[in-house]
Every structure is written in structure tokens, then in C-alpha cells.
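Report on the following structure.
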Number of protein chains: 2
Amino acid sequence: MTTIYDIAKATEYSITTVSKVLNNYPNVSEKAKKKVLQAVEELGYTPNSSARTLATNKSWMIGVVFAEHLGVGMAHPFFSEVIESFKKQVELYDYDLLFVSRNMGLQKRTYKHLKHRGVDGVVVVQSLGEEAIEYSTSKLPTVFIDMPIEKSSAVYSDNKQGGMLAVDYLYGLGHRKIAHIAGRDTMFTAVERTRGFKLATREKGLTIPEQYIVDGGYYSYEGGREAMVRLLGLEAPPTAVFVAGDEMALGAVKVIKEAGLRVPEDISVIGFDDIPLSKHVDPPLTTIRQDKQLIGQQSAVLLLDKINGLSKNNQDKIVPVQLIKRNSCSAL
Amino acid sequence: MTTIYDIAKATEYSITTVSKVLNNYPNVSEKAKKKVLQAVEELGYTPNSSARTLATNKSWMIGVVFAEHLGVGMAHPFFSEVIESFKKQVELYDYDLLFVSRNMGLQKRTYKHLKHRGVDGVVVVQSLGEEAIEYSTSKLPTVFIDMPIEKSSAVYSDNKQGGMLAVDYLYGLGHRKIAHIAGRDTMFTAVERTRGFKLATREKGLTIPEQYIVDGGYYSYEGGREAMVRLLGLEAPPTAVFVAGDEMALGAVKVIKEAGLRVPEDISVIGFDDIPLSKHVDPPLTTIRQDKQLIGQQSAVLLLDKINGLSKNNQDKIVPVQLIKRNSCSAL
DNA sequence: ATTAAGATGGAAAGCGCTTTCGTTAGGAGT
DNA sequence: ACTCCTAACGAAAGCGCTTTCCATCTTAAT
């Protein structure tokens with residue numbers, strides 16, 4: 001491995017000067033600059049980032065901690081897009097992304113591990129919040145996605161508004177018996193979407209029977225299936241259902257079809273997320289779109305500002321959602 | 001930041017002993033072990049990985065370089081699953097994944113950057129191969145996914161076999177006019193699938209007109225659309241088409257429907273990959289499934305062995321594919 | 001009691017880099 | 001000719017850790 005010393009020897013300058021050239025310090029002569037750069041080229045020198053990190057206490061890495069209770073990790077159709085957008089943004093400023101593992105050595109906690117790695121910042125995606133305290137109380141710049149955390153920054157969609165949009169749309173279509181397949185209430189997003197649902201139905205003067213709101217778990221296909229089965233089992237099934245997640249909605253649609261009913265003729269279904277799948281299924285799913293692009297980008301901006309000490313106080317960014325009309329809802 | 005020195009001071013042992021405890025060296029007393037571990041706990045000590053890496057020349061990071069010509073990065077429905085599986089496997093051995101950016105500082109080449117980061121190994125996913133040389137000629141342990149590289153290890157599906165399976169199935173269904181929407185021939189996988197197609201059709205004694213094989217580009221939905229338009233424009237359109245990728249197949253199906261024809265009644269379509277989408281679309285897509293799980297896991301195993309010096313010579317692992325019958329193909 | 005062997009602990013060098021602070025040389029100003 | 005300033009460069013310390021090699025202290029064997 002060729003080091004800064006090799007360059008120094010080759011150019012007959014000191015390692016100090018070499019380092020200065022490499023870091024664009026002002027007080028080096030043009031001549032020195034040229035010689036050093038040339039030697040770097042010839043010897044194929046690559047700086048060692050560990051050494052630099054050790055000396056500067058800056059790693060140029062951002063830690064990513066991913067939701068694991070969904071089981072798919074980075075293959076998640078929604079979060080993978082968010083993170084990709086996040087990555088694109090931080091890349092502009094020369095940061096790399098470090099995906100850390102949970103079972104690292106003896107230290108079980110991801111937080112410890114991130115600390116160990118010396119990342120400059122952390123983005124945590126849809127954790128359940130148990131770990132949140134460690135991050136929010138530490139000096140490590142952190143941004144949460146999909147979950148507001150006291151004493152930390154976060155960015156998430158306007159979930160409540162999304163729930164209201166869904167209900168408004170369904171109501172406008174003439175539906176009055178509107179059900180809701182909710183996400184597990186341990187998740188902030190789930191709670192908010194349900195809140196939007198309740199708010200809007202109340203606003204419209206609708207009385208929603210208790211059984212019309214059913215827990216579908218962690219936004220999974222299977223959860224959607226089970227929830228829909230229960231809805232269909234009711235003495236007075238709904239004519240429309242607002243499902244808090246697209247995958248869950250697909251499960252629901254499947255059950256409806258299996259019951260010999262049609263979507264949207266017999267039951268209208270509206271989802272949430274707008275994952276890539278949604279426009280391809282049958283029928284194409286009407287849904288509340290989250291702006292993954294913007295969520296990723298905004299969280300990157302927030303985090304970068306924090307890292308650079310530009311924004312001292314924490315803040316939440318709420319990203320607008322949008323109703324995407326496709327064919328899974330129809331007028332009554 | 002508390003360091004090994006703080007622990008030494010607190011326990012009245014030397015940093016050497018502290019280090020030995022932390023690294024499970026044999027020759028330290030139980031007493032010392034206990035005291036040190038306790039101090040570690042009390043002072044909230046976290047080892048600094050940069051320092052350790054600098055001293056040991058081992059980073060416990062694996063670099064991931066992703067295909068960019070597909071544009072979606074890590075949100076790719078197929079590769080994200082492969083990488084997730086890869087991640088799960090390397091996590092078992094305490095490695096973290098580093099996703100590096102391309103435009104790092106002045107050094108444009110990803111390879112240089114990986115070198116700079118001191119990763120212990122690299123997994124490159126569906127690059128186009130131009131960069132391959134740098135990796136294969138260097139000492140950096142590397143494994144390629146979806147592309148065999150001379151002087152390097154690789155793992156990929158049995159693409160040729162997949163192509164043959166598809167044709168065999170279609171043939172068995174009674175089809176004789178079988179077309180093929182291929183991937184761009186700069187990709188190894190595309191070439192192999194096409195090769196399988198040609199081999200099988202020849203085997204069956206079929207004569208496939210030249211226009212029956214059409215380039216669909218980089219496996220995109222749009223590419224599939226355009227290709228199918230051309231196929232439909234033929235004086236004698238095919239009764240079945242083997243599409244080299246699922247997303248591309250969806251585009252093809254869409255065009256068929258738009259033309260007022262039905263899948264599979266009028267035209268049978270079989271895809272390749274089996275992405276999550278495939279089973280949800282209408283009709284559920286018959287396809288050749290790639291074992292993403294196994295591909296990811298195998299490449300991890302291969303890479304880890306290389307890193308640990310267990311396997312000197314390079315090798316390719318070919319992962320079997322499987323025909324998944326759904327409803328997009330029917331007997332003639 | 002004496003010695004050898006094993007167990008335990010520590011000094012110090014080194015990993016590759018940054019950065020502070022001095023030193024030197026040359027040019028400008030008088 | 002002399003002083004003063006500035007520009008250019010380098011010595012050395014330090015970042016936090018590992019690891020070799022040597023010193024010391026026990027313990028068991030004779």
C-alpha cells in the first residue's frame with residue numbers, strides 16, 4: 001500500500017506538504033502542488049479513509065437503520081424508494097451509506113454499533129420507536145422517517161390528511177358505509193391515518209360502527225386478507241373500505257374477489273402509499289400517494305444541515321400526500 | 001469520547017491489558033477481565049472502529065456497487081431482494097454494508113473509492129462490465145452478481161436453462177409461433193436467456209422468423225411495451241411470447257390488452273424473474289423464477305470465503321431457476 | 001530451598017493521516 | 001544595508017487502537 005510517506009519520499013517534500021496539497025490548503029506553491037499530484041498519479045496513491053477519520057473525527061458515512069419488523073429489510077417497496085432518494089441527495093455531498101447489522105458482536109444495540117462506526121449522522125426508517133430515545137438523547141445527528149420523535153427531527157407524510165382525502169373521495173362517490181382497515185396502532189403512521197379517517201367521517205356526519213375499523217397489523221398482504229375477511233363477515237358489510245397500506249389493500253381486494261364480489265362494483269377499495277405495484281394490479285388501485293422522492297430528499301437535507309451545524313433545533317417536515325384515482329373505487 | 005486509555009486509568013491496568021480483554025486474548029486473568037468489563041460498562045465505552053481498522057487493516061465492511069443503468073438503484077425489485085439476502089448472510093459474520101457513491105470527490109471511479117474506504121470485499125451487482133477489469137485484476141476480493149467475469153467469482157441464475165424451460169412449456173401447450181422479447185445484448189443475462197430460447201426452439205424443430213426476436217432494452221416496462229407493439233405489427237403475430245424480464249412482460253401484456261386482445265386466450269406471455277408484482281397482476285404472470293434468496297446467500301458465501309482466504313481460485317455458482325405456472329399462458 | 005515453566009501484565013512501536021506551530025528564505029519598504 | 005513581513009515548508013504531536021516482545025510474578029517440581 002502506498003502512503004503519504006511514499007509520496008513525500010518521491011517528491012522530496014514532507015508529508016505535511018503532501019497532506020496540504022491533497023487537502024487544498026492555500027499555502028503551498030504551485031510547483032509543489034504539481035509535483036505531488038504527479039507522484040500521486042504515478043504511484044497510484046489512494047488515501048486511507050480510516051486514518052483520515054481517526055485524525056479528523058469525521059467519517060463521511062451516514063448510518064442507515066431499517067425497520068425489521070416488516071421482515072423484508074431493504075427490499076421494502078416503499079422504504080427502498082425513500083432510501084434511494086435519500087442516497088441520491090447525500091451523495092451530492094460525498095457521503096456514503098452504511099447499512100449496519102443488528103447482531104454485531106456483543107453489543108446488541110444498533111445505536112452502540114453506529115457509535116462504534118463513527119458515522120456522522122443516522123437516518124432511521126420506521127423503527128417502532130423503542131430505540132428512539134437513545135438517538136434523541138445523544139449528540140449523534142439523527143433524522144427519523146415516518147415517525148416524529150421528541151427532541152429529534154423527522155419527516156413523514158401528512159398521514160392524517162391522507163386519511164381524510166380517502167374518506168372525502170369515497171363520500172363524494174356516494175358511499176356512506178365506509179370501513180377502515182388500519183395499521184397496528186404501535187405505528188405513528190397507522191394512528192394518524194386512522195385519525196384522519198375518523199375526523200373525516202365525523203365531519204361528514206357519518207356514524208361508523210366499531211366493527212368497521214379493523215386492525216390489519218403491520219401493513220402486510222396477509223394482514224389485509226384477514227381484516228377483510230372479518231369485514232365481509234359482518235351482518236352489514238361496508239360498500240367501501242379505506243385500507244391504510246397498498247399491500248394490505250391488495251390482500252383485501254383478493255379476499256373480496258374470492259368471496260365472489262367485484263371491485264369496485266360491489267366494494268370500493270382505496271389504499272395508501274402508491275407502491276409500484278398499485279398501478280399494475282387488477283383493478284388498478286386507487287390510493288393515497290406518498291411522495292417517496294421528497295421524503296427521502298427532505299430527510300437528507302435535514303440531516304445534512306444538522307451535521308453541518310446549520311440547524312440547531314429539531315424540526316419536523318410534513319410531506320403532502322395526493323389522491324391517485326385509478327379504478328378500484330366507483331360511485332355507489 | 002471515552003477511549004481505551006480511560007478504561008486503563010479507571011482499572012489501573014495498562015491499555016494493552018484492556019485491549020486484550022476486549023479482544024478475548026487468552027492470557028489475562030479473570031480478575032482483570034471483570035474489572036475491565038465493568039469499567040467499560042460504567043464509562044459507556046465504545047471502541048473506535050477507525051482506529052481498529054487502521055491498526056488491523058480490516059474494516060469489517062463490504063462495499064456494494066449497484067447497477068445504475070437501470071436508474072432505480074437499490075429500489076430495484078429484483079436486486080433489492082438479492083442484496084437483502086446477501087446482507088442477512090454477511091451480517092452473521094459481523095460485516096456491515098457500505099453503499100458507495102460514484103461522484104466521490106475527484107476520483108470518479110467507484111473502484112478507487114472502495115479502495116479508499118478499505119472495504120474487505122466488494123459485491124457488484126449487474127454492472128455492465130466495463131469496470132469489471134479493475135476489480136478482477138486487483139487483490140480486492142470481489143464477487144459479481146448476474147455476470148461472469150474472467151478471473152473473478154460470480155453467481156447468477158441458469159439463464160439459458162430458464163429460456164429453455166419457457167420454450168418447452170409454451171411448446172407443450174401447443175404453441176408453435178413463439179416470439180421472444182429479449183434484453184439488450186450488452187447484458188450477459190439477456191444473451192443467455194436468448195441463447196436458451198434459440199436452443200430450445202431449434203431442439204423442437206421450430207423455425208423462428210428473425211422478426212420474432214426483438215430487443216426490449218434494459219428490462220424496462222417501456223421497453224416491453226415498444227417491443228410488443230412491433231410484434232403485434234407483424235403480418236403473422238406470435239401466439240406466445242417469452243419475455244426476458246417480468247417488468248418488461250407487464251409492458252407487453254399491457255400492449256396486448258390495449259390492442260383488444262386477451263392474455264392468455266389470444267396470446268400467452270411468460271416472463272422471467274418472478275418479482276413480487278408478478279403474482280398480483282392480471283392475469284397473474286407465469287414466469288421463470290430466479291432464486292433471489294439463494295443468489296444473495298451464495299454470493300455472500302463465496303465472498304466471505306475469498307476474504308478469509310479459504311478459496312483461492314475463482315468460481316462461478318449457477319443457481320437453478322424454476323418455472324412458476326400462473327395464468328398468463330394457456331393451451332392453444 | 002531452589003529452579004524451571006507457565007501465567008500475567010506492560011512498554012513501545014506502529015497503522016496513515018491532520019494540524020498546530022515554528023522555522024527559513026526571500027521580497028518589500030525605508 | 002537593515003528590518004519586517006509574508007510565503008512556503010516541515011517537525012512533531014496526536015487521533016485510538018493492536019501486537020510484539022520482554023519483564024515480573026506464581027506455582028509446581030525437585
Side-chain angles (χ1 to χ4, degrees), chain A residues 1-37 39-40 43-61 104-107 112-120, chain B residues 1-37 39-40 43-61 94 105 107 112-113 115-120:
Chain A
M1 167 156 247
T2 101
T3 75
I4 208 175
Y5 285 90
D6 301 321
I7 306 292
K9 199 162 300 171
T11 58
E12 297 192 299
Y13 279 107
S14 72
I15 61 160
T16 306
T17 301
V18 173
S19 175
K20 284 178 179 169
V21 169
L22 262 24
N23 292 290
N24 294 311
Y25 272 57
N27 48 351
V28 273
S29 65
E30 280 306 319
K31 190 173 135 214
K33 224 176 255 180
K34 228 187 103 192
K35 274 192 78 171
V36 168
L37 258 18
V40 162
L43 303 189
Y45 166 77
T46 317
N48 178 315
S49 82
S50 296
R52 187 201 294 258
T53 296
L54 186 56
T56 59
N57 203 26
K58 167 103 188 165
S59 68
W60 294 101
M61 293 191 301
M104 191 68 184
L106 288 185
Q107 48 221 19
K112 266 257 178 200
H113 187 55
L114 255 0
K115 206 80 177 167
H116 160 72
R117 282 299 195 180
V119 295
D120 296 333
Chain B
M1 168 157 245
T2 102
T3 74
I4 208 175
Y5 285 89
D6 300 322
I7 305 292
K9 199 163 299 169
T11 58
E12 297 191 301
Y13 279 107
S14 73
I15 62 160
T16 306
T17 301
V18 174
S19 175
K20 283 178 179 169
V21 170
L22 263 23
N23 292 290
N24 295 310
Y25 272 57
N27 48 350
V28 273
S29 65
E30 280 306 319
K31 189 172 135 216
K33 226 176 253 182
K34 228 187 101 190
K35 274 191 79 171
V36 167
L37 258 19
V40 162
L43 302 189
Y45 167 77
T46 317
N48 179 315
S49 82
S50 295
R52 187 199 296 258
T53 296
L54 186 56
T56 59
N57 203 27
K58 167 104 184 162
S59 68
W60 295 99
M61 293 191 301
D94 290 346
Q107 46 220 21
K112 265 256 176 198
H113 187 54
K115 206 83 177 166
H116 160 72
R117 281 299 195 180
V119 295
D120 296 333

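Everything numeric in this text was worked out from a predicted model, so none of it was measured. Sequence lines set the chain letters: A, B, ... in the order given, protein chains first and strands last, and positions in each chain run from 1.
- Around the CG atom of Asn57(B), the shell of radius 6.0 Å holds no more than 12 heavy atoms that belong to other residues, nucleotides or ligands.
- What you find for Val18(B) and Ile4(B) is that their closest heavy atoms are CG1-CG1, 3.4 Å.
- Across all strands shown, Asn23(B) has heavy atoms under 4.0 Å from sugar-phosphate atoms exclusively, and none from any base.
- Nucleotides of DNA chain D that come within less than 4.0 Å of any heavy atom of chain A span, from the 5' end to the 3' end, dA8(D) to dG16(D).
- Rounded to the nearest 0.5 angstrom, Lys33(B) NZ and Tyr25(B) OH are separated by 13.0 Å.
- When all heavy atoms are compared, the tightest approach of Tyr45(B) to Thr3(B) is CE1-C, 3.5 Å.
- If you check residues 2-13 of chain B against DNA chain D, the residues with a heavy atom closer than 4.0 Å are Thr3(B), Ile4(B), Tyr5(B), listed by number.
- Contacts of Ser29(A) with the nucleic acid, taken as non-hydrogen atoms under 4.0 Å apart, involve only primed sugar atoms and P, OP1 or OP2.
- Heavy atoms of other residues, nucleotides or ligands lying less than 6.0 angstrom from CG of Asn27(B) number more than 12.
- An OP1 or OP2 oxygen of dG9(C) is reached within less than 4.0 angstrom by no side-chain nitrogen or oxygen of Thr17(B).
- Each of Asn27(A) and Ile15(A) was matched to the nucleotide of DNA chain D holding its nearest heavy atom; the match closer to the 5' end belongs to Asn27(A).
- Where Asn48(B) and Lys20(B) each meet DNA chain D at their nearest nucleotide, the meeting point lying more 5' is that of Asn48(B).
- One can place NZ of Lys31(B) at 14 Å from C1' of dA7(C), the figure rounded to the nearest angstrom.
- Among the atoms of the strands shown, none is found under 4.0 Å from any heavy atom of Leu22(B).
- Between Ser50(B) and Thr53(A), the shortest heavy-atom distance links the atoms OG-CG2, 3.1 Å.
- Within 6.0 Å of the NZ atom in Lys58(B), the count of heavy atoms belonging to other residues, nucleotides or ligands exceeds 12.
- Across the protein-nucleic acid pair, Lys33(B) atom NZ and dT8(C) atom P stand 9 Å apart, rounded to whole Å.
- Remark on DNA chain C: of its neighbouring residues Val28(B) and Leu54(B), the 5'-side contact belongs to Val28(B), judged by nearest-heavy-atom nucleotide.
- When all heavy atoms of Tyr13(A) and Ser29(A) are compared, the closest pair comes out as OH-OG, 4.4 Å.
- Backbone-only engagement by Thr56(A) is indicated by non-hydrogen atom pairs under 4.0 Å involving sugar-phosphate atoms exclusively.
- Note that CZ of Arg117(B) and OG of Ser59(A) are 6.5 Å apart. Values are rounded to the nearest 0.5 Å.
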